[in-house]
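Here the structure comes first, spelled out in structure tokens, and everything after it is commentary.
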Amino acid sequence: MSEALFRNEPVPSTPYVADGVSISLAAPLKRYSLRARTAEALETVLNVKVPQKIGATEGGIACLGPDEWLLRTAAETAMPTGAGLPVAITDIGERSICLIVEGPRAAELLMTGCPLDLDNFAVGRATRTIYETVEIIIIREGEDRFHVEVWRSFAAWLWTAFTAAASH
Amino acid sequence: MILIHCPYCDEKRPEIEFANAGQAHIARPLDPSGQSDAEWEAYLFIRANPRGRHHERWRHIHGCGRFFNAVRDTVTDKFETTYKAGEPRR
Ligand SMILES: [Zn+2]
């Protein structure tokens, strides 16, 4: 119910706003790890299009690896279990939190610790990568907007690192 | 930073996203209990340590997560090629 609203998050609930970039906790969102040998096997279960190419997104589904996808969906969505079928649909919503990095300096901020060339990272692309030593998943939702998924126990550190970098 | 071509992502990615996983093409014996102590020791512990061309397993651990094989020169640290797990030795 409203339990999620009162839960303690490891980062502040008020956005950090600096010159050209803001960092904020995303609205509550369900996340699932989808595993299957083929995208088609998942399409049969979910009844939606599942991207084939690593890094591509389609709707709320990002292809992270040859047999791995990340599904983000509204908090109320009911999900099939895939029981008995050759797929694994696992709720990982409690494992990580999502930060939204937004503004004209968003890519620049992420590149202070992420080794990818985000100037050449198209809108709609997603990937697992690393920020300094912390594993993250980034999804470019817009030219100036990134969704950053980070494991809960690393989130406080990442928030500190992001806000420190943003203040410079 | 070295860029390594991941054969699954099919692009060059920064070295820091990868983990080395030792020598490549070490096949686990199909009949472990039929191995002599010497054969088992060789399988578990004995590895090549060439000066130059070396076949290695790498994992794109902070990326697509896949293991793959690579030919790397141990002197220059240059990657000659990378290829998917299960493909023949190059
Ligand atoms: Zn990869």
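As a basis for the values below, the full set of heavy atoms in this structure was taken, side chains included, without hydrogen atoms, waters or symmetry mates. Chain identifiers are assigned alphabetically (A, B, ...) following the order of the sequence lines, protein sequences preceding nucleic acid strands; residue numbering begins at 1 within each chain.
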*Mind ranking A/Pro115, A/Cys63, A/Gly65 by heavy-atom pairs under 4.5 Å with chain B and telling me who comes out on top?*
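Highest number of heavy-atom pairs under 4.5 Å: A/Pro115.
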*Given the options A/Ile54, A/Thr133, A/Ile136, which has more heavy-atom pairs under 4.5 Å with chain B than any of the others?*
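Between A/Ile54, A/Thr133, A/Ile136, the count favours A/Ile54.
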*With no hydrogens and no angle check, do the side chains of A/Arg95 and A/Ser33 hold a donor and an acceptor under 3.5 Å apart?*
no
_Residues B/Gln23 and B/His25: side-chain donor-acceptor under 3.5 angstrom_ =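 No pair is found: no donor N or O on one side chain lies under 3.5 Å from an acceptor on the other.
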_chain B contact via A/Thr129 - which portion, at a heavy-atom distance below 4.5 Å_ = both
*Which answer fits A/Asp117, side chain, backbone, both or neither, if we ask what part of it has an atom under 4.5 Å from a heavy atom of chain B?*
neither
*chain A contact via B/Glu15 - which portion, at a heavy-atom distance below 4.5 Å*: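 Nothing of B/Glu15, per the 4.5 Å heavy-atom cut-off to chain A.
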Is the [atom1] atom of [X] crowded by more than 12 outside heavy atoms at less than 6.0 Å?
X: A/Trp157; atom1: CH2; value: yes
X: B/Arg51; atom1: CZ; value: no
X: B/Asp77; atom1: CG; value: yes

*Of all of B/Met1, B/His60, B/Arg66, which one pairs up most often with chain A through heavy atoms under 4.5 Å apart?*
B/Arg66
